[in-house]
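Single-structure report; data block below.
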Amino acid sequence: MIPIAVDTGTAYGKPPPTSKHELTDVGPGTPMGELLRRYWHPVGLVGDATATPRKVRVLGEDLILFRDGQGRPGLVYPHCAHRGASLYYGKVEERGIRCCYHGWLFDVQGHCMEQPCEPEGGRARDKVRQPWYPVEELYGLVWAYLGPPEKKPVLPRYECLEQLAEGEFLEADDRSIGGGGPQVIPCNWLQHYENLVDPFHVVILHSSFSGTQFVPEMAVMPQVNWDTTGISVRTLSLRKLPDGKTFRRISEAGLPTLRVIPSPRVGRFGMVESLGWILPIDDHSFRIYVVGRVTEKGELHKMRSRLGGKLWEELTEAEHQVYPGDYEAMVSQGPIAKHSEEHLASTDRGLVMLRRLLMKQLEAVQEGRDPAGVSFDPAAPPVKFSAGNWMEG
């Protein structure tokens, strides 16, 4: 009897996929959520904090951002400490934000200033505190610290944003430049963070597959090495060009969520021109805030990728299928990538190193130590990265 060949490798009986939730989940009490809460995060542009209360969602928490009449930004829990009405409907005044329901007034640090319906304006008002978070303003962004008060670090400064050449100024952008799609990207933040240490997708996705989206030099297959600094995983790419020159490019994925990616359009050479911060909105969405050195207003926005000559929002669904970019590659992995189904290869070494760097920080926090990249010294020098583009030979 001739044996009948049996098909193997089908999807039948495939076990349910699993994800590395210790790395992906960012809510309060989760390992990654507690790690990320040890750092400052951008929660809006400076212009987003106004006399009109603004809803923001950060690390799975819903909050209200505002600016009082004295010019102080505030970030508070949305539900009034009195009866739970949303402060989104509150009125911003000179000293703080007033609830629409019974008029309780809270300052930017949550102190209850007035209880107008109570005798003498509220004899026990000092005993009430509206939950709040510290905020600071720097580089055109509003930053918030959502972690344990006794562990609050200083807000770091960055050398590449401090050293401006003649004619340069800083520009902040909230349109998720580098994300390849809309402002809010509907998948887990780690899918983008890991993309930062994958230079090979630039050659395939951004060049040969969807057409040259950046410059021809970026389409050359690079020789790649990775290493780990105290606060980042660095990717060193060397591209041998037809004219005999070597295009050297260093990019970094920095702690906690930093995009230290020199412009793939290579308009100039030297140190990295901009920094991006991936803000996990929750487990299933993120956005990116970018600050860069520019010489003309709107220069950052011009860095956005074009697919088939169009911006992401200008493409039809059929064109998205023909010209996929980072958005399609990341979001199509699912709201949270199915890590149990991965088959990592030698070119994924940077990704493995990045996960190990994150795991070391998780362990540090769980053991009561401080994670890498936090400082409690107001006089600490600006953080320095080695990322940039250089042409040699």
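Side chains included, hydrogens not; waters and symmetry mates left out as well; all remaining heavy atoms used. Quick caveat, the model's predicted, so the values are computed rather than measured.
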Might you confirm whether atom [atom1] of [X] has over 12 heavy atoms from other residues, nucleotides or ligands at distances under 6.0 Å?
X	atom1	value
Y158	OH	yes
K14	NZ	yes
K151	NZ	yes
R129	CZ	yes
E150	CD	yes
F209	CZ	no

Would you say the side-chain atoms of [X] pair up with the backbone N or O of [Y], donor to acceptor, closer than 3.5 Å?
X	Y	result
Q321	E317	no
R67	T50	no
R175	V290	no
E273	S263	yes
Q163	C160	no
Q130	H79	yes
E114	L105	no
D48	L45	yes
Y193	G254	yes
S274	G292	no

Would you call [X] and [Y] a salt bridge, taking side-chain N to carboxylate O under 4.0 Å as the test?
X	Y	answer
R57	D62	yes
K338	E341	no
E217	R249	no
E392	K245	no
R38	D370	yes
R369	E367	yes

Pair W143 and W277, ring centroids less than 6.0 Å apart: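 Yes, ring centres under 6.0 Å apart.
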Quick check for you: to the nearest 0.5 Å, what is the distance between [X] atom [atom1] and [Y] atom [atom2]?
X	Y	atom1	atom2	value
Y289	D174	OH	CG	6.0 Å
E159	K384	CD	NZ	5.0 Å
N195	L354	CG	CG	11.0 Å
R293	L275	CZ	CG	9.0 Å
D25	L190	CG	CG	10.5 Å
Q191	T24	CD	OG1	8.5 Å

Find out whether [X] and [Y] are in side-chain contact, i.e. whether some heavy atom of one side chain is under 4.5 Å from a heavy atom of the other.
X	Y	answer
S237	P199	yes
W40	P134	yes
D198	L351	no
F169	E296	no
I288	I177	no
V294	L170	no
L36	T257	yes
P31	Q366	yes

Y145 six-ring centre to K152 NZ/CZ under 6.0 Å and within 45° of normal: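 No, K152 and Y145 do not form such a contact.
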Cation-pi check, R349 onto W226 ring (under 6.0 Å, within 45° of axis):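 The answer is no, since R349 fails at least one limit relative to W226.
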G230 to L357 - nearest heavy-atom pair and separation: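 Heavy atoms of G230 and L357 come nearest at O-CD1, 4.4 Å.
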Nearest non-hydrogen partners of S207 and V203, listed with the distance: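 Scanning both residues, the minimum pair turns out to be CB-O, 3.1 Å.
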Side chains of [X] and [Y]: donor-acceptor distance under 3.5 Å anywhere?
X	Y	answer
Y133	E61	yes
H21	D283	no
Y139	E162	yes
R234	S386	yes
R125	H111	no
E34	T30	no

Path from L146 to W189 over hydrophobic side-chain contacts below 4.5 Å: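 Cluster IDs for L146 and W189 match.
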H102 and H82 aromatic ring geometry - parallel, tilted or perpendicular at 30°/60° bounds: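 The arrangement is perpendicular - the two ring planes meet at more than 60°.
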Parallel, tilted or perpendicular, as decided by the 30° and 60° cut-offs, for the rings of Y39 and H41: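 Aromatic pair H41/Y39 classed perpendicular.
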Could I get the full list of side chain to side chain donor-acceptor pair (under 3.5 Å) partners for [X], not counting sequence neighbours?
X	value
N188	none
E94	none
T52	none

Whichever hydrophobic residues join L241 through chains of side-chain contacts under 4.5 Å: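 Besides L241, the cluster holds V202, F214, V215, M218, V220, F247, V266, F269, M391.
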C80 and F106: CA distance, side-chain angles, deciding distance, side chain to side chain contact (heavy atoms under 4.5 Å, CB included) verdict: CA-CA 9 Å; C80 176; F106 303 97; 3.7 Å; yes
ring-ring contact (aromatic ring centres under 6.0 Å, His included): pairs with one or both residues in residues 327-378, sequence neighbours excluded: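 Of all non-adjacent pairs touching residues 327-378, those that pass ring-ring contact (aromatic ring centres under 6.0 Å, His included) are W312-Y327.
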L196/I261 under side chain to side chain contact (heavy atoms under 4.5 Å, CB included): CA gap, chis, key distance, verdict: CA-CA 8 Å; L196 305 181; I261 308 295; 4.1 Å; yes
With V108 via side-chain contact (heavy atoms from CB on, under 4.5 Å) - residues at least two apart: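 So V108 forms a side-chain contact (heavy atoms from CB on, under 4.5 Å) with F66, D68, R72.
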Name of the residue among L161, L300, L138 meeting side-chain contact (heavy atoms from CB on, under 4.5 Å) with V291: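 Going through the options one by one, the only one that passes is L161.
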Chi angles and distances behind the side chain to side chain contact (heavy atoms under 4.5 Å, CB included) call for Y77, L87: CA-CA 8 Å; Y77 182 70; L87 293 177; over 6 Å; no
